[in-house]
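Accompanying notes for the structure given below.
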Protein chains: 2
Amino acid sequence: MTAMTKTKGATALPLNTILSGDCIEQMNALPEASVDLIFADPPYNLQLKGDLHRPDNSRVDAVDDHWDQFDSFAVYDRFTRDWLKAAKRLLKPNGALWVIGSYHNIFRVGAALQDEGYWILNDVVWRKSNPMPNFRGKRFTNAHETMIWASKSEGAKYTFNYEALKALNEGVQMRSDWVLPICNGGERLKDANGDKAHPTQKPASLLHRVLVGSTNPGDVVLDPFFGTGTTGAVAKMLGRDFIGIEREAAYREVAEKRIASIRPFDRSSLEVTRAKRAEPRVPFGQVVERGMLNPGEMLVSSSGKSAKVRADGTLIGDEVKGSIHQVGAQLEGAPSCNGWTYWHFKREGKLVPIDVLRQQIRDEMADRPN
Amino acid sequence: MTAMTKTKGATALPLNTILSGDCIEQMNALPEASVDLIFADPPYNLQLKGDLHRPDNSRVDAVDDHWDQFDSFAVYDRFTRDWLKAAKRLLKPNGALWVIGSYHNIFRVGAALQDEGYWILNDVVWRKSNPMPNFRGKRFTNAHETMIWASKSEGAKYTFNYEALKALNEGVQMRSDWVLPICNGGERLKDANGDKAHPTQKPASLLHRVLVGSTNPGDVVLDPFFGTGTTGAVAKMLGRDFIGIEREAAYREVAEKRIASIRPFDRSSLEVTRAKRAEPRVPFGQVVERGMLNPGEMLVSSSGKSAKVRADGTLIGDEVKGSIHQVGAQLEGAPSCNGWTYWHFKREGKLVPIDVLRQQIRDEMADRPN
DNA sequence: AAGGTAACTGAATCTAGGG
DNA sequence: GCCCTAGATTCAGTTACCT
C-alpha cells in the first residue's frame, strides 16, 4: 500500500503515512471530521520532563525536581485535554476513540474525555496472560491495562461489528475483558543493538480486535502516539487506511520499515459476519402482493394465537388489527414483537415461520439487484 | 460480637455499629486518624435513560434509585471530593482506601482521589464470571467492575498480606484481576416480598479478598456506603471491627439482622459465597474464599492427622503450617503430598476428600474457559 | 425422589431508518 | 430537527414446577 490522499474540502488527507512532530499541532493541521477512528496510547508517565506542548506550540512549563504532585497532575491534565480536543475535531460525527492506559493516567484521561463531551461506550480490560510479576511483593501483580472506547458524542452511530466479534469469541458475545499475551518474542521489535526498539510496544492482537470490532475496511484510523506503528501495521493488514503521528525519528524509522514489509490480507478474508440489520428491509405487504400468502389466510403463533391476512398486508385478529409486529405485540401484551418470526403459516400440515417467505424475496433481490 | 468502643483522644469509636445519616457528616463526627481501612461502594451515577428489555421481552430491573441520581458531572465530582476528603481525615497515617465503580464514575473517582493526595497502589478488576449480557448487541458485555486501592499518602506503610494472598492463590502471587461471580442465589438478600433487598449487593468473596489482603485481625474497617452490610458481615467473619454508615433505614435494618446472625468463621457463611472461577488450576484458597470450607474447620487425613483451615487458604496443624500439600507432607514425614486427596472434611458423619470441592469448581468452569 | 424443562434475573449510560 | 414504526437482540446461572 502506498501513500495516497483523500481530499476533504480543500485539504488532502495524508493516508498511510507517518507525520513527524507534535501530535496536537499535526492533528490541528488536518481537515476536521475526516477520520473514522482514533487509537491513542499516550504517555503514562506523570513525571514529565518539560516535553509537553500546547496546541499553539508553546512549551508547557517543566516539572522539575521540585515538582509537586498537584502541579504535575495539572500539567498532565492540560496536555490530555489538549490532545483530546484536537482528536475530537478530527473525528467524523460517527467516529470513535480508543485510549489505553494504566492506573497512573487512565482515570485522568477518562474524566477528561467525559468532560470534553465524548461518550464512553465501554471500558475494556486487557488482561495480560503473562505479565511481569511484582518483584518486591508489595502489591498485586499489575496484570492488566485499561482501554476506554468512546464515541465522539452521545447518540452518535458508532461502528460496532457485533457479529464479527461474537464469531471471534466462539459464538458468545465479546466481553469487556480480553485475555491476550503481552508483546514479546518475535513480535517484539528490536533495534540494531538487540534492545527493544520501543518500551511499550502493544501486541498486534490487541489492535486486531479493536480494528475488527470498531472499523470497516477502507476506514481511516489515526494514531497520534504512533511509536513503532502497531496501529498502522494492523490497519494495513486489515485493509484500513492509517495516519500516524510520531515525534521521535527513531520510532518513525522502525515503523516505516515494519509497515512496508506487511502485505494486507486479501479482500475476501476481510469480510466479516454481517448483521441481520444490514439486510434489505422487506415489507410484509410484498409477500401478499406476490401471492406468497393470500388475503384471508390465517396465520398462527407458537403460543396459539391467530390472525387473518388482509389485502393491504396488515393482519386482523380478535379485536386487534395492524402490522404483523403490532398485532403480535398486542396479542402477547409485549412491548414489541418481531412478526416475521412470531407468525407461521401451514404447509403440508407443518407450521412454517413467515420469515422463510421474506428470505425468498431477499434471495431474488440478490440475484438481480434493482 | 457486640457493639463496643475504642477511645481515641476524647472521642469514642462506635465499633461494630451502623450509623445512620449522611456519610460525610458522620465521618466528620468521628475522631481523625482512627480507622485502618475504608471500603467504599459509592453511587455509580449510571445515567440510564429509557427502559431496556431482554430479547424475550422481559424488562430489565434497572438501578433507578433516587440515591444514584446526580444532575451533572460537576455535582457528582463535588460529592466525590467531599466524601474522599472526610475519609482521608479518618484514616490512620498508614491506612488505606478501596473504592469500587464502573466506567460511569470510576475515572472521576480515581482522578479525584489522586487530587486529594491519596496514592494509588493498584487498580483491581473484578471480572464477573456471570455478568448480564448486552441484550441489544451494541456494545461489549459489561463484564467487570474496577476497584482502586490507595494508601492515605505517598510513602505510607500500608498493610499488604502478600503471603496470605499468595497462599489464597495456590502459591502464585495475586494478580490485579479477580474472577468472581456476582452476588445471586442464596447469598442475595431478599426483602419481605421476596424482592432483592438492595439493587447492588456485592459478593462476600470480593470483600473476603480485600480484607484478608489489606487488613489484620482487630483492624477497624469503615464503609461509608454500607447498604446491606457486606463489608460488615465479612469483617465480622474475619475478626475485624467495622463501622457502617447508611442513610436508608431499610438497608440498615437488613444489615443489622444479617450481621447479627453471623458468627466469626461460622458454618452459616458457607452459603454466603458459592463462588466460581475460571482458571484451570484451582487454588485451595478458592475453596475457602467461596465458603465451601470455612476458616476454623478441621480437616483430617485417613491416617488420623488433623489440621485447621485458615482464612488465607493455608492449614495449621500441630507445629506445622502451610499449604494443604506442605502440611500433609510434613505430618507424614514425606517429601511430598497431594493435599487434595490427603485431606478430608466431614459431611453428614462421613469423611469426604476435599478434592470433590475442587471437582465442583472445575465442573462449573468446564463450560467457559476464561 | 429424581430428573427434566420452563421461568426468571443481574450496577445497562443497549436501534435504525423513513417520513 | 421530531415522530413513528419495523424489527433485531442474551449468558450464566438459580428457582420453580412438572412428570
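A note on names: the letters A, B, ... follow the listed sequences, proteins ahead of strands, and every chain is numbered from 1.
Remark: C1' of dT5(D) and CD of Q326(A) are 7 Å apart, rounded to the nearest angstrom. Rounded to whole Å, atom C1' of dT14(D) lies 9 Å from atom NZ of K190(B). For the pair R139(B) CZ and dT9(D) C1', the computed distance is 15 Å after rounding to whole Å.
Between S323(A) and dA6(D) there is a side-chain polar atom (N or O) within less than 4.0 angstrom of OP1 or OP2. Listed pair K196(B) / dT9(C) fails the phosphate criterion, with no side-chain N or O lying under 4.0 Å from OP1 or OP2. For the OP1/OP2 pair of dA8(D) and a distance below 4.0 Å, the side-chain nitrogens and oxygens of R358(A) include at least one atom meeting the criterion. Look at H325(A) and you won't find any side-chain N or O under 4.0 angstrom from OP1 or OP2 of dA6(D).
The same atom, P, is picked in dA6(D) and in dC14(C); the two are 23 Å apart, to the nearest Å.
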Give every pair of a protein N or O atom and an N or O atom of nucleotides 16-19 of chain C that lie under 3.5 Å apart, one pair per line with the distance.
from	atom 1	to	atom 2	distance (Å)
dA16(C)	OP1	K138(B)	NZ	2.9

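Contacts between residues 52-69 of chain B and DNA chain C, defined by a heavy-atom separation below 4.0 Å, involve L52(B), R54(B), V60(B), D61(B), A62(B), V63(B), W67(B), D68(B), listed by number. Scanning residues 159-169 of chain A for heavy-atom distances under 4.0 Å to DNA chain D yields Y162(A), E163(A), K166(A). Within a heavy-atom distance below 4.0 Å of DNA chain C, no residue of residues 334-343 of chain A is found.
No close placement of the Y158(A) and W119(A) rings is indicated, their centers lying 6.0 Å or farther apart.
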Worked verdict on W149(B) versus W98(B) for ring-ring contact (aromatic ring centres under 6.0 Å, His included):
CA-CA 5 Å; W149(B) 176 40; W98(B) 286 82; 5.6 Å; yes

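For the pair R108(B) and F73(B), the cation-pi criterion (under 6.0 Å, within 45° of the ring axis) is fulfilled. In this structure, R247(B) is not positioned above the aromatic face of W67(B) in the sense of NZ or CZ being under 6.0 Å from the six-membered ring centre and within 45° of the axis.
Checked against salt bridge (charged side-chain N to carboxylate O under 4.0 Å, His left out), K305(A) has no partners two or more places apart in sequence or in another chain.
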Pairing pattern in dot-bracket form [Watson-Crick, G-U; both distances under 3.5 Å; | = partner strand] for DNA chain D:
.|||||....|||||||||

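Side-chain N or O atoms of N122(A) include one that pairs as donor or acceptor with a backbone N or O of F140(B) at under 3.5 Å.
When each of R258(B), H208(B), H198(B), K202(B) is tested with T230(B) by the rule side chain to side chain donor-acceptor pair (under 3.5 Å), just one qualifies, namely R258(B).
Side chains of Q173(A) and N169(A): a donor-acceptor N/O pair is absent below 3.5 angstrom, by distance only.
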